[in-house]
Amino acid sequence: MLTARRRDPTTAAPSDAPGALSPTEPPAPSEPDPRSTTHPRQGVSGPVATVAAVELGPAASAKSTGLGPRILSYMMGPAAFVILLVLRHLGLVAHLPVGVYIVIFVGIPALSMFIEWFYRRRPTRLRLNLRVAFHIGAVTTVIYMTGWGAVVIGAYAFVALENISQSGSRTWRLAAFWSLVGITIGQLGIWQGWVPSFLSLAKAETIGVMETFVLLFVIRMAGATSMQKEEAESSLRTSEERFRSLVQNSSDTTLVLGAAGVILYASPATKSLLGRDPAELIGRRATELVHPDDRARVEPELGELLRTEAVIDPLQFRILNRDGSWRHAEAVVTDMRNRSSVGGYVVNVRDITDRKEAEEKLAHQALHDPLTGLPNRLLLVDRLRHAIARGVRHDGPPPVVMFLDLDRFKLVNDSLGHGAGDELLICVADRLRSVLRTSDTLSRFGGDEFVILCEGMASQDAVMALAERAMTAIDAPFVINGEQFHIGVSIGVAFVDDDGPSPEELLGDADYAMYLAKARSGQGRVQLFDQATRAVARQRVHTETALARALERDELVVFYQPIVETASRRWVGVEALLRWQHPTRGLLLPVDFLDVAEQTGLIVPIGQWVLSEACSQVQHWNADLPVDDHLAVSVNLSGRQLTEPDLADTIGSTLQSAGIDPRALRLVLEVTETLLPADEDEARRRLIELHELGIQLAIDDFGTGYSSLRYVRDLPISTIKIDRSFVSGLGQSDHDEAIVNAVTQLARTLGLRVVAEGVETEAQFAFLSRVGCDYSQGYLFGRPQPPHLCRLPGVEQVS
């Protein structure tokens, strides 16, 4: 606590009045004299700089042993009395009776003490005037009774300076005024002969004027100097009080350290940061409370600063709270040893626990799946990269990656909603964790895909055993929202080989192995990525790369196969079939590349090109045919295209830009029922939009799916195409004949047209004629051919 002396309202505090500061309290501001109406100068409690005007060495200096203006002013009376007696004896001053001098030098101090007491009881402007006027009157009496009044007018300056130092700079006006009054009375007394004078009247007047001028100048200078000092002290005091208030009320903790790192001062904010009172920290080393793991880093950096005055970046560390918890803190150290009011190192410590926790949370969110809490793809790739490097460095078993894709997950997600799907994913993550070692990494790769990273697996058998345990865990039923569900999982396994693949390549290998597991068995299978799989994968990559350039290089070709009227064998239309004239592999059928096009999304631009090409070609043919012989054109629509939200707009724009009217051309888009998207409502909406454009729709490979009749009922279908697997058995299988006959009769009842695919023999064609099938298509009538090889009835050459 600041122990600065509070100045007596009747005395002037020295401008450097010292104060002593407890290490735990900043200085209190000096208090103004509540009884003064002239804003007297306040005692200065020391230059409180930054943290709290801390005295860091010995205690604050003791009270000044010098003589203040007030003491000097009262000592002047006795001294003057002695000097006057000596001068009287020597005949150098007026030879008045000694009793007069005694009365004057005893009465004036006594009366002065009364006036002082009277003023101090209730300081007012009037009483201050009375006080100054009495002091001036006393001086006037003394100097003019000596006979040398005009010569010693400078004595008024002592009275003026004493009053200015005690009552503030504004007192100079009162001192000057009453000094002029006193001089005027004294000079008048000389002129009238009321007081003795050793000077002639002329000299007394001349010297009096000169001395008065000098006196007024001195008084004014004293007032101006005092005013400047008061303003400086007021500014300093305001600054100190402002900074002290900031330190006292700041949420940051401020410490002052000595040369050895010992705490000399602690601000009140230590209570919130450390749960400790500031006094508890005084005398302790600052690093005692730092976390042991951080101390080894903080101490050298702090020591470097204390030794070399180096500038260091903010220090971050954990610091111990009284409750045993560790708070994150950031400290900025400033060397202020050259400030006498501080004399140490100022450490501003800020609690950044909330910020650190937020940063850690953001870092965790950036590297983990928010639903399951598992590492995400970014963290997985990083761990996989380090695992590959460790395997190479230590020449141990290579890391293994398992790529897992849930089977039938979409059924749960679509039937019960995304909330149930999320709950299922969390349950799956928990089950997979239960079968893994603590050293394994389980990651949610995205959607319903998970990846397991294993290190140190001794053999391929151990890897396959782990994969089997994962499958067994997932095969067990799940209970979601009170309902029991069975899902499965397909797993692709990839090892690091001698080629040293990158993490992305290894994940791609495992992903492709998983794809093969699904493709070959449908679900619930583990597929190892071996050399044969690698060859297939490389071929697939090559196909994908080449297919992306096929459109640009005009390598894609549309072949056409005729569709005939069963009753007359007359051509009524053609089906557009895509082929790829590969530069090195020759002519490729859709089975060689269409799957890649579907998965990469290339089927969308390819499908638009096929539609435009086929419509333009058939429209060109129809221009050379009689109206009654105009051909319809059928184009296949892929399942991937049906997932495009702007499918109808895209097809409409394609037809419009080619100048084709789908109604006039009798354009038919064929949809394979087994490739219809799982979101049937969206697929139905898009097919209705196509139907509204005037496009006819056909169900291709009818009878091969599970929902054939429902599609016929719910979708705007105009044509059914019987799958070739049923047509091939005509004349051989009673079951196939019954199915074809039933489908034909059903279509006739529903007002739909029927096309039989894969007709290759006359016997098959004869049966179709008997049951009333509308149209036939197959090798019996013509193989798919490029446009320039197609021979249309009635047209000798088609180019």
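Atom set for the values below is all heavy atoms of this structure, side chains included, hydrogens, waters and symmetry mates excluded. All residue numbers in this chain count up from 1 along the given sequence.
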Undergrad: Measure the CZ-CG distance between R686 and D649 for me, rounded to the nearest 0.5 Å.
TA: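 It comes to 11.0 Å.
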Undergrad: Would H582 and H542 count as a close aromatic pair, with their ring centres under 6.0 Å?
TA: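 Yes, the ring of H582 comes within the 6.0 Å limit of the ring of H542, centre to centre.
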Undergrad: Under a 4.0 Å N-O cut-off, is there an ion pair linking E757 with K721?
TA: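 The answer is yes: the pair qualifies as a salt bridge.
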Undergrad: Are side-chain heavy atoms of Y560 and P784 found at a separation under 4.5 Å?
TA: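 No, their side chains stay 4.5 Å or more apart.
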Undergrad: Spell out, as yes or no, whether a donor-acceptor pair under 3.5 Å connects the side chain of E644 to the backbone of Q641.
TA: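 Absent.
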Undergrad: Are more than 12 heavy atoms, taken from residues, nucleotides or ligands other than H691, located less than 6.0 Å from that residue's NE2 atom?
TA: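 Open: at most 12 neighbouring heavy atoms sit under 6.0 Å from NE2 of H691.
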Undergrad: Measure the spacing between CG of N376 and CG of L371 and express it to the nearest 0.5 Å.
TA: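 One finds 12.5 Å between CG of N376 and CG of L371.
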Undergrad: Do V401 and L384 pass the side chain to side chain contact (heavy atoms under 4.5 Å, CB included) test, and can you show the C-alpha distance, the side-chain angles, and the key distance before you say yes or no?
TA: CA-CA 9 Å; V401 170; L384 181 54; 3.8 Å; yes
Undergrad: Using a 3.5 Å distance criterion without hydrogens, assess whether the side chain of T353 forms a donor-acceptor pair with backbone atoms of H328.
TA: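 Here the side-chain-to-backbone pair exists.
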Undergrad: Using distance alone, with no hydrogens and no angle criterion, decide if R585 and T543 have a side-chain donor and acceptor under 3.5 Å apart.
TA: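 Side chains of R585 and T543: pair found under 3.5 Å.
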Undergrad: Just wondering, do Q608 and E613 contact through their side chains at under 4.5 Å, heavy atoms?
TA: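 Answer no - side chains too far apart.
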Undergrad: Checking side-chain polar atoms at under 3.5 Å, does S459 have a donor or acceptor matched by the opposite partner on D461?
TA: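 No, D461 and S459 have no side-chain donor paired with an acceptor closer than 3.5 Å.
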Undergrad: When rounded to the nearest 0.5 angstrom, what is the spacing between CD1 in I695 and CG in L669?
TA: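 Taking CD1 in I695 and CG in L669, the distance rounds to 5.0 Å.
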Undergrad: Would you confirm whether R297, through its side chain, and Q316, through its main-chain N or O, come within 3.5 Å as a donor-acceptor pair?
TA: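 Indeed, once roles are kept as given, a pair shorter than 3.5 Å links the two residues.
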Undergrad: Within the distance-only criterion (no hydrogens, no angle test), does the side chain of T643 pair as donor or acceptor with the backbone N or O of R640 below 3.5 angstrom?
TA: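 Looks like yes, one N/O pair under 3.5 Å.
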Undergrad: Determine whether a donor-acceptor pair (N or O, by modelled atom type, separation under 3.5 Å) exists between the side chain of E357 and the backbone of D354.
TA: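 Between the backbone of D354 and the side chain of E357 there is no qualifying donor-acceptor contact (under 3.5 Å).
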Undergrad: Between T472 and D475, do the side chains contain an N or O donor and an N or O acceptor separated by less than 3.5 Å?
TA: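 No.
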Undergrad: Between the side chains of R685 and E689, is the shortest nitrogen-to-carboxylate-oxygen separation below 4.0 Å, so that they form an ion pair?
TA: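 Result for this pair is yes, salt bridge flagged.
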Undergrad: Any idea which heavy atoms bring E455 and P399 closest together, and the distance?
TA: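 Closest approach of E455 to P399: CG-CB, 4.3 Å.
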Undergrad: Sequence neighbours left out, what passes ring pair (Phe, Tyr, Trp, His ring centres under 6.0 Å) with Y512? Give chain and number order.
TA: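 Once residues adjacent in sequence are excluded, the partners of Y512 under the ring pair (Phe, Tyr, Trp, His ring centres under 6.0 Å) criterion are Y515.
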Undergrad: Between S612 and W609, is there a donor-acceptor pair closer than 3.5 Å when you use the side chain of the first and the backbone of the second?
TA: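 Flag not set: sc S612 to bb W609 has no pair under 3.5 Å.
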Undergrad: Would a 4.5 Å heavy-atom cut-off, applied to side chains only, mark E670 and L637 as touching?
TA: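 Counting from C-beta outward, E670 and L637 never come under 4.5 Å.
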Undergrad: Which pair of heavy atoms, one from A494 and one from D509, lies closest together, and at what distance?
TA: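 It is CB-CB, 3.8 Å.
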Undergrad: Please step through side chain to side chain contact (heavy atoms under 4.5 Å, CB included) for the pair S443 and F450, ending with a clear verdict.
TA: CA-CA 6 Å; S443 167; F450 295 83; over 6 Å; no
Undergrad: For residues Q561 and G778, report the shortest heavy-atom separation together with the two atoms involved.
TA: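 Of all heavy-atom pairs spanning Q561 and G778, the closest is NE2-C, 3.5 Å.
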Undergrad: Closest heavy-atom contact between V668 and L697?
TA: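 Closest approach of V668 to L697, heavy atoms only: CG1-C, 4.4 Å.
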Undergrad: If you take all heavy atoms of D405 and M514, which pair is closest and at what distance?
TA: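 For D405 versus M514, the nearest heavy atoms are CB-SD, 3.3 Å.
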Undergrad: Is the backbone N or O of G731 less than 3.5 Å from a side-chain atom of E737, with the two atoms forming a donor-acceptor pair by type?
TA: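 Such a contact is found between E737 side chain and G731 backbone.
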Undergrad: Let me confirm one number: the CD-CD1 distance from E598 to I606, rounded to the nearest 0.5 Å.
TA: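 Interatomic distance, E598 CD to I606 CD1, rounded to 0.5 Å: 10.0 Å.
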Undergrad: Go through the side-chain N and O atoms of Q581 and D554 and say whether any donor and acceptor fall under 3.5 Å apart.
TA: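 There is no such pair between these side chains.
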Undergrad: Applying salt bridge (charged side-chain N to carboxylate O under 4.0 Å, His left out), name anything that partners E330, two or more places apart in sequence or on another chain.
TA: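 E330 satisfies salt bridge (charged side-chain N to carboxylate O under 4.0 Å, His left out) with R355 once adjacent residues are dropped.
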Undergrad: Is a side-chain N or O of R318 found less than 3.5 angstrom from the main chain of H291, in a donor-acceptor match?
TA: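 No.
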Undergrad: To the nearest 0.5 angstrom, please state how far the CG atom of N481 sits from the CG atom of L424.
TA: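 Interatomic distance, N481 CG to L424 CG, rounded to 0.5 Å: 10.5 Å.
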Undergrad: Working to the nearest 0.5 angstrom, can you tell me the gap between R444 CZ and L374 CG?
TA: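 Answer for the CZ-CG pair, R444 versus L374, is 8.5 Å.
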Undergrad: Is the side chain of T372 donor-acceptor paired with the backbone N or O of I426 at a distance under 3.5 Å, no angle test?
TA: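 Flag not set: sc T372 to bb I426 has no pair under 3.5 Å.
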Undergrad: For residues I491 and A470, report the shortest heavy-atom separation together with the two atoms involved.
TA: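 Minimum heavy-atom separation between I491 and A470: CD1-CB, 4.3 Å.
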Undergrad: Check whether D440 reaches the backbone of R437 with its side chain - one donor and one acceptor, N or O, closer than 3.5 Å.
TA: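 It does hold such a pair.
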Undergrad: Show your working on ring pair (Phe, Tyr, Trp, His ring centres under 6.0 Å) between F403 and F445 and close with a plain yes or no.
TA: CA-CA 9 Å; F403 204 104; F445 204 67; 5.2 Å; yes
